[in-house]
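A quick write-up on the structure given underneath.
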Amino acid sequence: MGYPHKSHPRETPVLSKHFGDGESRSLDGWKKRGGYKALELALGMTPAQIVDIVKASGLRGRGGAGFPTGVKWSFMKPGDGKPHYLLCNADESEPGTFKDREIMRWTPHALVEGCAIGAYAIGAETAFIYIRGEFQEPIDRMEAALKEAYAANILGKNAMGTGKTINVYVHKGAGAYICGEETALMESLEGKRGNPRIKPPFPAVSGAFGQPTTINNVETLVAVPHILVNGAEWYKAMCLSNAKSTGTKLFSVCGNISKPGNYEIVLGFPFKDFLYDLCGGPTAGRRFKAIIPGGASVPIQTMDEAEATLMDYEGFVAQGTMLGSGGVIVFDDAQSIPRQVARLTRFFAHESCGQCTQCREGTSWTTRILDRIVAGQGTYEDLDTLLEMAENMTGKTICVLSDSCAAPVVSGLQKFRHEFEALITGKRSSTVAGGSQTTAASAKLSVGAGA
Amino acid sequence: MSGHAEAYAPVFVGKRKEEITELLKRYPTKMAGLLPALWMVQEDRGWVSEQAMTEVAEVLELTAAYVKGVVSFYTMYHQHPVGKHFIQVCTTSPCLCNGADKVVNAFLEHTGCKELGITSADGKYTVIEVECLGACGFSTPVQINADTIENVTPDKVPVILAGLK
């Protein structure tokens, strides 16, 4: 299958195999496709055995940081007498990323199963799936799947007839990008403003409700059942580059490209083939100019860098950026890089929680200066100021939202400085073919409006 | 909104009271019920008034000021009434580079709202720009109340509006 397009022969659909297949949404349909065999298997093992298998598979967090999942789970100590919590981060809000949305829309039981296994493995009786408030359809699909799972005694006080308690609940967010940051998500779940917490303490020591907590991305959790059923060796063998990056990964592709959508490939796949073969290359008459490959928070790549990239955690770093969430944003030659960078920083200015000065002031002033440059009113001094501010916004705040805002500014200025300079020397506005200015009304609404 | 003269009908009575009581069993604290409780208010009333914040505070044993602090943090809770059809157009980078700004303009024109955030004179529509709806491969996604519509282009806007009930 595939959605919105049919799977490409060079894809390896494991997690996305049933995208577009409406019958996989029901419990019956999911069981016919092999569903809940992994949970049955898992409940027959000890938590430590599950953690070992996940460790051996090499699975790393798919939300952005790439931390080894089995290692994260091993920080939890079942039997310490405290309530443990599993949180599933389904607050997918990183611009460019829309993979978890499709997982929940098409295969909600895959996530129920992943959460149940994860909860058991870390000694938790309760898992919360925190879904962003805008995702009403994914929320409805998950609620329907949970209802079926409870009715069939897959979840609850006697999960799968094993006498173990596993509860999984949906918790609906209310519109705040920052709640995708793990500690902000915990605050939000607890009924507070989504302000990130200072670490340490880390979640495994004091997370949700002050108790030991593990938080995993949707895509990470849905990979686990496949690992349990097929074995760690099977997963580890899915590797095209280096042993540190194993398994399949979903990449969401958007922007100026022929076939936007979700693609699942084995890590290490050549990015050039991915862009031109799987995704169909640029639209008619256009050429690619720049790529943000891992969601809005990672540095911009030139096409030379992108075309030399192997798509894994290390491969993206080697080419000046990061794998991040796998949200690939493509800009073609009709786009103005300064204008796109200004729009990205506007996003971060809007979403800053406002706790840290560097972020609250930095994101907002960066946006104002960039808007001035885009409007043809910039100076060379502005470029220095932007870089100076970016330095102050990097590595100095509670969370990395501020760093994320600085990333497109620094990389944009490094790699596409001539476009900024052209706007300054030419004193002309940045309207390029196919583009137009953001409306003044929207500028007023967005800048500095807080979270 | 004259406020004080109108009697406030509480939200958390009957079925809603049962619902929130049941829901609170999931969490170790009452405070954790705040976001869900605010959603219930907005579902029933269309927005979250100051009186509703006071009621929620009483139900969850919080202060009204605390509740307002939380309400104002999140973009999806309306602190004033909005149009019957609340239209959110994504204009973040991946959508902007595919012409999302033109979709915004089409909605402003065809709803008669003219300005972002202003409700149309007939009370039917409010149009805002929204940050990333998480459907970037389907640019431009537009959310109308709880429904997301994918691949919206300016020419589709009149048809979409005509289909709203």
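Naming: A, B, ... by sequence-line order, numbering from 1 per chain. Given the structure is predicted, the values throughout are model-derived calculations rather than measurements.
To the nearest 0.5 Å, the span separating NE2 on A/H350 from CD on B/E129 amounts to 10.0 Å. One distance of note links OH of A/Y177 with OG1 of B/T75; it measures 14.0 Å at 0.5 Å rounding.
Looking at A/L189, the atoms closer than 4.5 Å to chain B (heavy atoms on both sides) sit in the backbone and in the side chain alike. Contacts between A/E134 and chain B at a heavy-atom distance below 4.5 Å involve backbone atoms as well as side-chain atoms. Contact of A/V330 with chain B is made through the backbone alone, with heavy-atom distances under 4.5 Å. Contact of B/E150 with chain A is made through the side chain alone, with heavy-atom distances under 4.5 Å. Both the backbone and the side chain of A/F347 come within contact range of chain B, with heavy atoms under 4.5 Å apart. Proximity to chain B is absent for every atom of A/N167, based on heavy atoms less than 4.5 angstrom apart. Using a 4.5 Å cut-off between heavy atoms, A/Q211 makes no contact with chain B at all. Of the atoms belonging to A/T97, it is backbone heavy atoms, and not side-chain ones, that fall under 4.5 Å from chain B.
Among A/K172, A/E92, A/K259, A/E94, the residue with the largest count of heavy-atom pairs under 4.5 Å with chain B is A/K172. Chosen from B/G137, B/C136, B/S139, B/C95, the residue pairing most often with chain A at heavy-atom distances under 4.5 Å is B/C136. Taking chain B as the reference chain and counting heavy-atom pairs below 4.5 Å, the highest number among A/G255, A/P260, A/S252 is found for A/G255. Ranked by non-hydrogen atom pairs under 4.5 Å with chain B, the options A/G194, A/S93, A/G173, A/P83 are led by A/G194. Here B/P28 is the residue among B/G33, B/P36, B/A146, B/P28 with the most heavy-atom pairs under 4.5 Å with chain A.
Residues A/R132 and B/E131 share a closest heavy-atom pair of NH2-O, 4.1 Å. A pairwise comparison of heavy atoms in B/P94 and A/G96 identifies CG-N, 4.0 Å as the closest pair. Contact between B/C132 and A/P95 at its shortest, heavy atoms only, is SG-CA, 3.5 Å. Minimum heavy-atom separation, A/Q340 to B/S93: OE1-CB, 3.5 Å. Contact between A/G191 and B/L34 at its shortest, heavy atoms only, is O-CD2, 3.4 Å. Contact detail for A/F135 and B/L133: the closest heavy-atom pair is CE1-O, 3.3 Å.
Panel note: side chain A/R343, backbone B/T91; a donor-acceptor pair is recorded below 3.5 Å. With A/R101 contributing its side chain and B/A135 its backbone, the two residues share no donor-acceptor pair below 3.5 Å. A donor-acceptor pair under 3.5 Å is formed between the side chain of A/Q335 and the backbone N or O of B/C97.
Every pair passing ring pair (Phe, Tyr, Trp, His ring centres under 6.0 Å) that includes a residue from residues 22-44 of chain B is listed here, sequence neighbours excluded: A/F128-B/Y27, A/H171-B/Y27, B/W39-B/Y77.
Between B/L35 and A/Y130 the shortest side-chain heavy-atom distance falls below 4.5 Å. Annotation: side chain of B/F73 is not in contact with side chain of A/S188 (no heavy-atom distance under 4.5 Å). Residues A/P4 and B/F138 have side chains in contact (heavy-atom distance under 4.5 Å, counting atoms from C-beta outward). Residues B/S72 and A/R193 meet the side-chain proximity criterion, which asks for heavy atoms closer than 4.5 Å.
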Which donor-acceptor pairs under 3.5 Å do side chains of residues 154-161 of chain B form with protein atoms, sequence neighbours excluded?
from: B/D155; atom 1: OD1; to: B/T153; atom 2: OG1; distance (Å): 2.7
from: B/K156; atom 1: NZ; to: B/N151; atom 2: O; distance (Å): 2.7

Let me see the working for B/L23 and A/Y169 under side-chain contact (heavy atoms from CB on, under 4.5 Å), right down to the final yes or no.
CA-CA 10 Å; B/L23 191 94; A/Y169 304 117; over 6 Å; no
